[in-house]
Amino acid sequence: HGRNGADAYKKAERIKVSIQDLKAGEPCRECPKGRLYPVKKAGTLVQFVGMAPLAAKIYELEKLRCNLCGEVFTAQPPNNVGSDKYDETAGAMIAMLKYGSGVPFYRIEKLQESLGLPLPASTQWDVVEQAANRGVYPAYRELVRQAAQGDVIHNDDTAMKILALMKHSDEKSSRTGMFTTGMVSIVEDRKIALFFTGEKHAGENMTDLLQLRHAELEPPIQMCDALSRNRPEEVEILLANCLIHGRRNFVDIASSFPEETGHVIGEIAQVYKNDKTAGELNLSPQERLLFHQRESGHLMKNLKQWLSEQIEQKKAEPNSGLGKAIAYMLKHWEPLTLFLRAPRVPLDNNL
């Protein structure tokens with residue numbers, strides 16, 4: 001119904017209002033024999049007020065001058081007032097409006113100006129950058145360091161155009177691609193999401209990340225699709241490929257090969273059903289591994305045999321959509337089935 005109770009407003013300022021002419025312990029003015037006592041749950045009145053996204057306070061500091069020596073004495077600002085014109089909450093609010101809610105700097109500028117509190121777009125940028133240097137970048141660098149220690153790291157690329165890089169790129173350079181690499185590192189029970197945008201692809205960004213990994217740790221499980229550029233170089237990993245990518249090749253040709261694709265999709269569905277059951281049973285990573293070996297191992301073994309027979313017995317044309325889908329699965333069979341040989345391995349890269 002769109003209505004919220006007073007308890008929903010966690011950050012609202014709460015002001016206690018006393019009854020002006022009555023106090024606890026006094027006689028009741030309706031029945032002189034009774035006594036008043038506090039009621040545990042106070043009455044509430046919620047009131048919204050409008051204000052600018054960024055408010056300003058002007059402290060007028062009194063000055064006194066000696067009429068004899070000319071010395072000037074200036075009042076000290078309150079203890080909770082810093083020396084900076086824009087405090088950390090101002091930088092945080094601008095950043096949330098711009099990058100959290102998608103409000104451009106120039107629109108914030110127009111809004112603030114209309115409310116009598118001018119804040120130029122160029123100034124907003126400077127305030128946000130200063131806030132980032134103080135608090136965001138140190139936290140970001142620590143997130144990157146912690147993500148490098150993850151047990152499982154998902155990664156993938158998407159194309160991204162960066163005008164500044166396009167403008168200054170060398171026309172003779174063989175490197176023309178630009179990407180945003182998304183990573184999700186699972187560190188114990190926490191998930192850390194990272195994004196790297198530039199000319200490096202996912203494998204190179206993964207290599208850079210794992211340079212920060214503690215040497216005594218076991219190699220992490222990397223979950224990605226089978227593109228070679230997703231894999232890092234010169235660092236040790238346990239490579240797991242996305243089962244959904246393998247399945248998708250069969251989904252795309254289902255209308256042309258309904259019987260064959262139905263078989264493959266059905267077998268993979270049973271594996272996912274087993275994984276869901278393992279989650280519902282709240283199994284430990286090692287217990288989940290044993291569960292999959294027992295319940296899913298024979299499914300994947302039979303599926304591999306069936307896929308091989310389609311090619312070996314010439315039941316599927318190698319250059320057909322079905323042949324290519326089968327070839328993909330067989331070529332990447334080991335990383336696609338790592339979940340049967342190591343704990344913590346996810347089935348896919350959907351995360």
Side-chain angles (χ1 to χ4, degrees), residues 139-160 177-214 217-249 251 268-269 271-276 278-280 282-289 291-292 296 300 328-329 331-351:
Y140 166 75
R141 286 191 289 269
E142 175 59 16
L143 282 174
V144 172
R145 188 196 68 79
Q146 290 194 29
Q149 322 311 319
D151 302 310
V152 182
I153 304 176
H154 296 251
N155 73 320
D156 201 6
D157 267 344
T158 188
M160 172 62 67
M178 298 178 193
F179 313 94
T180 289
T181 297
M183 295 188 188
V184 179
S185 177
I186 301 176
V187 186
E188 297 177 354
D189 293 327
R190 300 188 303 275
K191 297 181 180 68
I192 299 175
L194 302 175
F195 297 91
F196 303 96
T197 299
E199 294 178 312
K200 291 185 178 181
H201 51 62
E204 293 170 317
N205 286 319
M206 188 77 168
T207 300
D208 292 343
L209 179 73
L210 293 182
Q211 298 299 329
L212 303 175
R213 188 174 180 84
H214 296 159
L217 293 177
E218 295 290 328
I221 296 163
Q222 180 189 357
M223 168 51 73
C224 60
D225 61 52
L227 282 176
S228 60
R229 70 185 186 198
N230 285 336
R231 296 195 296 273
E233 297 179 359
E234 302 177 358
V235 290
E236 189 177 358
I237 57 161
L238 286 176
L239 179 63
N241 280 163
C242 175
L243 196 55
I244 287 296
H245 275 76
R247 176 184 180 275
R248 184 184 301 161
N249 293 327
V251 173
I268 294 175
V271 174
Y272 271 86
K273 184 178 180 181
N274 292 337
D275 199 57
K276 181 180 179 182
E280 292 171 346
N282 199 26
L283 300 181
S284 67
Q286 189 62 36
E287 291 171 337
R288 174 181 175 270
L289 172 61
F291 182 82
H292 267 303
S296 304
M300 296 305 290
Y328 179 94
M329 289 284 286
K331 180 180 180 181
H332 304 291
W333 190 259
E334 290 302 308
L336 284 170
T337 57
L338 183 64
F339 70 94
L340 295 173
R341 299 185 299 279
R344 298 184 182 276
V345 179
L347 298 185
D348 57 52
N349 205 26
N350 280 349
L351 182 63

Trainee: Looking only at side-chain N and O atoms, does H292 offer a donor or acceptor that is under 3.5 Å from a partner on D275?
Mentor: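 A pair is found: one side chain offers a donor N or O, the other an acceptor, under 3.5 Å apart.
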Trainee: Any side-chain heavy atom of N230 within less than 4.5 Å of one from D156?
Mentor: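 Counting from C-beta outward, N230 and D156 do come under 4.5 Å.
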Trainee: Please check: side-chain N/O of N349 versus main-chain N/O of C242, any donor-acceptor pairing under 3.5 Å?
Mentor: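 Not at all, since once roles are kept as given, no pair shorter than 3.5 Å links the two residues.
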Trainee: Within the 4.5 Å heavy-atom criterion, are Q149 and R213 side-chain neighbours or not?
Mentor: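 Heavy-atom side-chain distance check passes, below 4.5 Å.
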Trainee: Between S185 and I192 (side chain of the first, backbone of the second, donor and acceptor by atom type, cut-off under 3.5 Å), is there such a pair?
Mentor: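 Answer holds: no.
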Trainee: About how many Å separate OG1 of T337 and CG of L347, when rounded to the nearest 0.5 Å?
Mentor: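 Result: 11.0 Å between the selected atoms.
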Trainee: Taking all heavy atoms of W333 and all of M300, pick out the closest pair and write down the distance.
Mentor: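 Heavy atoms only, the tightest pair is CZ2-O, 3.0 Å.
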Trainee: Within a radius of less than 6.0 Å around CD of E142, do more than 12 heavy atoms belonging to other residues, nucleotides or ligands occur?
Mentor: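 Yes, because the 6.0 Å sphere around CD of E142 holds more than 12 heavy atoms from other groups.
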Trainee: Test your reading of the model: is there a side-chain donor-acceptor pair from R288 to the backbone of V345, 3.5 Å cut-off?
Mentor: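 A pair under 3.5 Å: yes.
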Trainee: Could you tell me which non-hydrogen atom of M160 sits nearest to which non-hydrogen atom of F179, and how far apart they are?
Mentor: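 Heavy-atom minimum between the residues: CB-C, 4.0 Å.
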Trainee: Once rounded to the nearest 0.5 Å, what's the spacing between atom CD1 of I237 and atom CE of M223?
Mentor: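 The distance works out to 11.0 Å.
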Trainee: Let me confirm one number: the CG-CZ distance from L212 to R145, rounded to the nearest 0.5 Å.
Mentor: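 Taking CG in L212 and CZ in R145, the distance rounds to 9.0 Å.
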Trainee: Which distance, rounded to the nearest 0.5 Å, do you find between the CG of L209 and the CZ of F196?
Mentor: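 L209 atom CG to F196 atom CZ measures 5.5 Å (nearest 0.5 Å).
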Trainee: Measure across Y328 and A226 and return the closest heavy-atom pair with its distance rounded to 0.1 Å.
Mentor: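 Residues Y328 and A226, closest heavy atoms: OH-CB, 3.3 Å.
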Trainee: With rounding to the nearest 0.5 angstrom, report the CG to CD distance, L217 to E236.
Mentor: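 Interatomic distance, L217 CG to E236 CD, rounded to 0.5 Å: 12.0 Å.
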Trainee: On a heavy-atom basis, which atom in S296 and which in F339 lie closest, and how many Å separate them?
Mentor: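 Nearest pair, atom of S296 first, then F339: CB-CE1, 4.3 Å.
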Trainee: Locate the shortest heavy-atom distance separating V235 from Q211; write the atom from each residue and the value.
Mentor: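 Minimum heavy-atom contact is CG1-NE2, 3.8 Å.
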Trainee: So do the side chains of I186 and L351 get within less than 4.5 Å of each other, counting heavy atoms only?
Mentor: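 The answer is yes; the side chains approach within 4.5 Å.
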Trainee: How about L210 and P220: do any of their side-chain heavy atoms sit closer than 4.5 Å?
Mentor: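 A side-chain contact under 4.5 Å exists here.
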Trainee: Counting C-beta onward and ignoring hydrogens, is there a side-chain heavy-atom pair between E233 and M206 closer than 4.5 Å?
Mentor: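 No, too far: nothing below the 4.5 Å cut-off.
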Trainee: How about L338 and L239: do any of their side-chain heavy atoms sit closer than 4.5 Å?
Mentor: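 Of all side-chain heavy-atom pairs linking L239 with L338, none is under 4.5 Å.
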Trainee: In terms of heavy-atom contacts, does CD of E188 have more than 12 from other residues, nucleotides or ligands at under 6.0 Å?
Mentor: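 Incorrect, the count does not exceed 12.
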Trainee: Could you tell me which non-hydrogen atom of V187 sits nearest to which non-hydrogen atom of Q146, and how far apart they are?
Mentor: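 Heavy atoms only, the tightest pair is CG2-O, 3.5 Å.
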Trainee: Going by heavy atoms in the side chains, are R341 and E334 under 4.5 Å from each other?
Mentor: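 SC-SC contact between R341 and E334 confirmed.
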Trainee: With a 3.5 Å distance limit and no angle check, can you tell me whether H201 reaches the backbone of R229 through a side-chain donor-acceptor pair?
Mentor: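 Confirmed, H201 side chain pairs with R229 backbone.
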Trainee: Between D348 and R247, does the salt bridge (Lys or Arg N to Asp or Glu O under 4.0 Å) criterion hold? Intermediate values first, please.
Mentor: CA-CA 10 Å; D348 57 52; R247 176 184 180 275; over 6 Å; no
Trainee: Please report the interatomic distance CG(D151) to CG(L238), rounded to the nearest 0.5 Å.
Mentor: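 The CG atom of D151 sits 11.0 Å away from the CG atom of L238.
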Trainee: side-chain contact (heavy atoms from CB on, under 4.5 Å) with F195: which of N205, T180, T181, T158?
Mentor: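 Only match with F195 under side-chain contact (heavy atoms from CB on, under 4.5 Å): T180.
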